[in-house]
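Heads up: the structure comes next, in structure tokens.
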Amino acid sequence: MSERFFVDAPISAARIELSGPEAQHLTKVLRAKCGDEVTLFDGSGAEFRAVVADVGRQRVALEVRERREIDRELARNVTLAVALPKGDRQQWLVEKATELGVRRIVPLITHRGVAQPVAAALARMQRWVIEASKQCGRNRLLEIAAPAAWSPFASQTTAGTRWFAHLGDGAPIERTTLDSVVTIAIGPEGGWTEEEVAVARMHGWTQVSLGARILRVETAAVALTAWVAVAADKK
Ligand code: SAM
């Protein structure tokens, strides 16, 4: 796989221009020159073989030579609904979820949540999705959905396998059936409140446990997602 670059608009023309951070990466980091071959993707599912045609100070022109339909998505549609951790741990979570093939992250608003999913935070998350997609070869972008409060989210999510991660007694994940649609809910650093646990139970979510140790939000999220990804990546 050659170096990959994200184009923030559908690629339909035979010649396109990269600008902003993607052009900077190509010129300043990789010191691209005319004739170098790269791979472009626009999030639509395809990737494109392209050749550098002109290198400017702020922009790089590329000739698009070939469109390839290459599907590196998981066979299952996985949503990670998570009360976000702070700072670097948030970035780690988004990167790993992207690599593992999560289709959608829903930032959960919970009673004990520590990181507020404000617009700037969501924009940063979107950028991390792009960086991780460049690295791991995904041609569709993980969606950062609008933040949702736990109670309405829990009641409105009715389809497929719904895992509610909580310490204590839970169904062994190897014995739960995995549907084609999977939603995994992870609580905040301070844990779910009793009311939030009651909401999950009332709406029929399957409580799952990862053992007796207390995992960080991002560890629990990645452990459960990895389980689904390994089980689901069999097409
Ligand atoms: N003191 C908190 C509590 O008692 O819930 C710890 C919260 S933990 C740091 C953050 C979230 O990760 C939890 O709400 C849960 O969703 C998930 N989690 C952490 N460890 C887990 C485990 N062993 N089994 C299931 N879920 C876990």
Side-chain angles (χ1 to χ4, degrees), residues 74 76-118 121-122 124-125 128 132 142-179 181-232:
L74 274 187
R76 288 189 172 89
N77 178 346
V78 179
T79 291
L80 186 58
V82 55
L84 296 173
K86 280 188 168 170
D88 289 353
R89 293 165 44 207
Q90 197 178 104
Q91 179 170 5
W92 190 85
L93 167 63
V94 172
E95 272 178 15
K96 302 310 150 206
T98 306
E99 289 170 31
L100 287 166
V102 168
R103 189 101 38 113
R104 191 167 72 117
I105 289 181
V106 179
L108 282 183
I109 300 165
T110 60
H111 190 70
R112 299 188 184 131
V114 288
Q116 294 314 313
V118 294
L122 301 180
R124 274 197 303 275
M125 289 169 74
W128 298 331
L142 179 158
E143 177 199 353
I144 304 291
W150 169 243
S151 183
F153 179 82
S155 65
Q156 286 158 19
T157 305
T158 50
T161 299
R162 296 166 304 147
W163 282 353
F164 174 76
H166 188 43
L167 287 139
D169 294 339
I173 50 176
E174 66 277 15
R175 285 201 220 133
T176 62
T177 347
L178 276 181
D179 230 307
V181 176
V182 180
T183 306
I184 301 168
I186 310 286
E189 272 317 310
W192 303 104
T193 62
E194 277 180 25
E195 291 75 21
E196 288 167 338
V197 175
V199 164
R201 289 187 181 143
M202 185 167 68
H203 294 292
W205 287 64
T206 303
Q207 184 174 323
V208 292
S209 167
L210 286 157
R213 294 154 310 284
I214 300 173
L215 309 181
R216 297 266 203 186
V217 172
E218 67 277 18
T219 316
V222 166
L224 288 176
T225 307
W227 175 273
V228 176
V230 171

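For ligands, and for the atoms within them, numbers begin at 1 and follow the listed sequence. Residue numbers start at 1 and run along the sequence shown.
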**Q.** Stepwise side-chain hydrogen bond (donor to acceptor under 3.5 Å, both in side chains) check, T79 with R104
**A.** CA-CA 5 Å; T79 291; R104 191 167 72 117; 3.3 Å; yes
Q: Would you check if the side chain of E196 reaches a backbone N or O of T110 as a donor-acceptor pair within less than 3.5 Å?
A: no
Q.
Surrounding CD of E174 (heavy atoms of other residues, nucleotides or ligands, distance under 6.0 Å), is the total greater than 12?
A. yes
**Q.** H111 atom NE2, neighbour heavy-atom count above 12 within 6.0 Å
**A.** no
Which atom pairs, nitrogen or oxygen on both sides, join ligand 1 and the protein at under 3.5 angstrom?
unit_1	atom_1	unit_2	atom_2	d
ligand 1	16 (O)	A165	O	2.6
ligand 1	16 (O)	G187	N	2.9
ligand 1	20 (N)	L215	N	3.0
ligand 1	23 (N)	G211	O	2.9
ligand 1	23 (N)	R213	O	2.8
ligand 1	24 (N)	L210	N	2.9
ligand 1	26 (N)	H166	N	3.4

Q.
Nearest 0.5 angstrom please: I105 CD1 to I186 CD1, how far?
A. 11.0 Å
Q. Does W192 have its ring centroid less than 6.0 Å away from the ring centroid of W205?
A. no
